[in-house]
Asks: 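For reference, the structure I am asking about is given below.
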Amino acid sequence: MDVLIQFGFSIEEIQNMLNTNVMIESVDDHDIYEVIDLLKRVGCRKEHIQNIFICNPFCITNSNSEMSELVEKLYEIGFRSLYTLFDSNPYLLNITARDMDLFYHSMLQEGMTKEYFFDYLNYHFIY
């Protein structure tokens, strides 16, 4: 958890995250660095990452490989600005790539356009 302090989180913010997701206590700093690195690779700045962690502390304990697969799936679907997507809807990081693929295709089958699907994910919470 030292990485959270080094990243700029206050003790109060960390405590709030722990109150929401007690599993954070058992996460190795290396794993937290991997989540931060993944978010940086998609364009997130420090402020985005702090917002994502505060709003969705469960992403800290999610599988890094599953989140990487989700990122790949979102790129495959056609998203390009993942930093804005995750900043506006950090709960998306809790969804598996498979579930995202199923959701995407079911929405297309219901007549939703790809562009509307992008807007939908940006402005609606999915969890």
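Every heavy atom of this structure was used, including side-chain atoms; hydrogens, water molecules and symmetry mates were not.
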Asks: Are the side chains of T61 and I24 in touch, meaning some heavy atoms are under 4.5 Å apart?
Replies: yes

Asks: Of all residues at least two apart in sequence or in a different chain, which pass the side chain to side chain contact (heavy atoms under 4.5 Å, CB included) check with L108?
Replies: Y104

Asks: Checking the side chain of H48 only, and the main-chain atoms of R45 only, is there a donor and an acceptor separated by less than 3.5 Å?
Replies: yes

Asks: Just to verify, which of L74, N56, N51 counts as forming a side chain to side chain contact (heavy atoms under 4.5 Å, CB included) with F86?
Replies: L74

Asks: Keeping the roles fixed (side chain from S81, backbone from T84), state whether a donor-acceptor pair exists under 3.5 Å.
Replies: no

Asks: Under the side chain to side chain donor-acceptor pair (under 3.5 Å) criterion, do Q109 and H105 qualify, and how do the steps go?
Replies: CA-CA 6 Å; Q109 286 180 338; H105 284 93; over 6 Å; no

Asks: Take L93 and V35 through the side chain to side chain contact (heavy atoms under 4.5 Å, CB included) test and state the conclusion after the steps.
Replies: CA-CA 10 Å; L93 289 164; V35 175; over 6 Å; no

Asks: Please report the C-alpha distance between D87 and E47 in whole Å, then the side-chain angles of each, then the deciding distance to 0.1 Å, and finally whether the side chain to side chain contact (heavy atoms under 4.5 Å, CB included) criterion is met.
Replies: CA-CA 9 Å; D87 189 43; E47 308 84 50; over 6 Å; no

Asks: Between E66 and S63, is there a donor-acceptor pair closer than 3.5 Å when you use the side chain of the first and the backbone of the second?
Replies: no

Asks: Please answer whether the main-chain N or O of N122 pairs with a side-chain N or O of S88 as donor and acceptor at a distance below 3.5 Å.
Replies: yes

Asks: Group every Ile, Leu, Val, Met, Phe, Trp and Tyr by side-chain heavy-atom contacts under 4.5 Å, then state whether F53 and L18 land in the same group.
Replies: yes

Asks: Same cluster for L102 and Y91 if Ile/Leu/Val/Met/Phe/Trp/Tyr side chains link at under 4.5 Å?
Replies: no

Asks: Side chain to side chain donor-acceptor pair (under 3.5 Å) for Q6 and Y33? Distances and angles first, verdict last.
Replies: CA-CA 11 Å; Q6 293 169 0; Y33 277 121; 3.0 Å; yes

Asks: Verify the cluster assignment for I95 and Y120: are they in a single hydrophobic cluster under the rule of side-chain heavy atoms below 4.5 Å apart?
Replies: yes

Asks: Using a 6.0 Å cut-off, check whether atom NZ of K46 has over 12 heavy atoms from anything other than its own residue.
Replies: yes

Asks: Measuring only between side-chain heavy atoms, which start at C-beta, is L38 closer than 4.5 Å to N64?
Replies: no

Asks: Is there a side-chain contact between F58 and M23, using heavy atoms and a 4.5 Å cut-off?
Replies: no

Asks: Is V22 reachable from I60 through a run of hydrophobic residues whose side-chain heavy atoms are each under 4.5 Å from the next?
Replies: no

Asks: Applying ring-ring contact (aromatic ring centres under 6.0 Å, His included), which residue pairs with at least one partner in residues 61-82 are found, sequence neighbours left out?
Replies: F79-F118

Asks: Considering non-hydrogen atoms only, spot the tightest contact between I52 and C59 and give its length.
Replies: CG2-SG, 3.8 Å

Asks: Answer yes if M107 and L92 sit in the same cluster of Ile, Leu, Val, Met, Phe, Trp and Tyr residues linked by side chain heavy atoms under 4.5 Å apart, and no otherwise.
Replies: yes

Asks: Please give me the minimum heavy-atom distance between P57 and N21, naming the atom from each residue.
Replies: O-ND2, 3.2 Å

Asks: Say whether, by atom type as modelled, one donor and one acceptor occur between the side chain of N89 and the main chain of L121 under 3.5 angstrom.
Replies: yes

Asks: Using side chain to side chain contact (heavy atoms under 4.5 Å, CB included), reason through R41 and V71 one step at a time and then give a plain yes or no.
Replies: CA-CA 10 Å; R41 284 195 314 263; V71 165; over 6 Å; no

Asks: Pick out which of I11, I36, I32 makes a side chain to side chain contact (heavy atoms under 4.5 Å, CB included) with L4.
Replies: I32

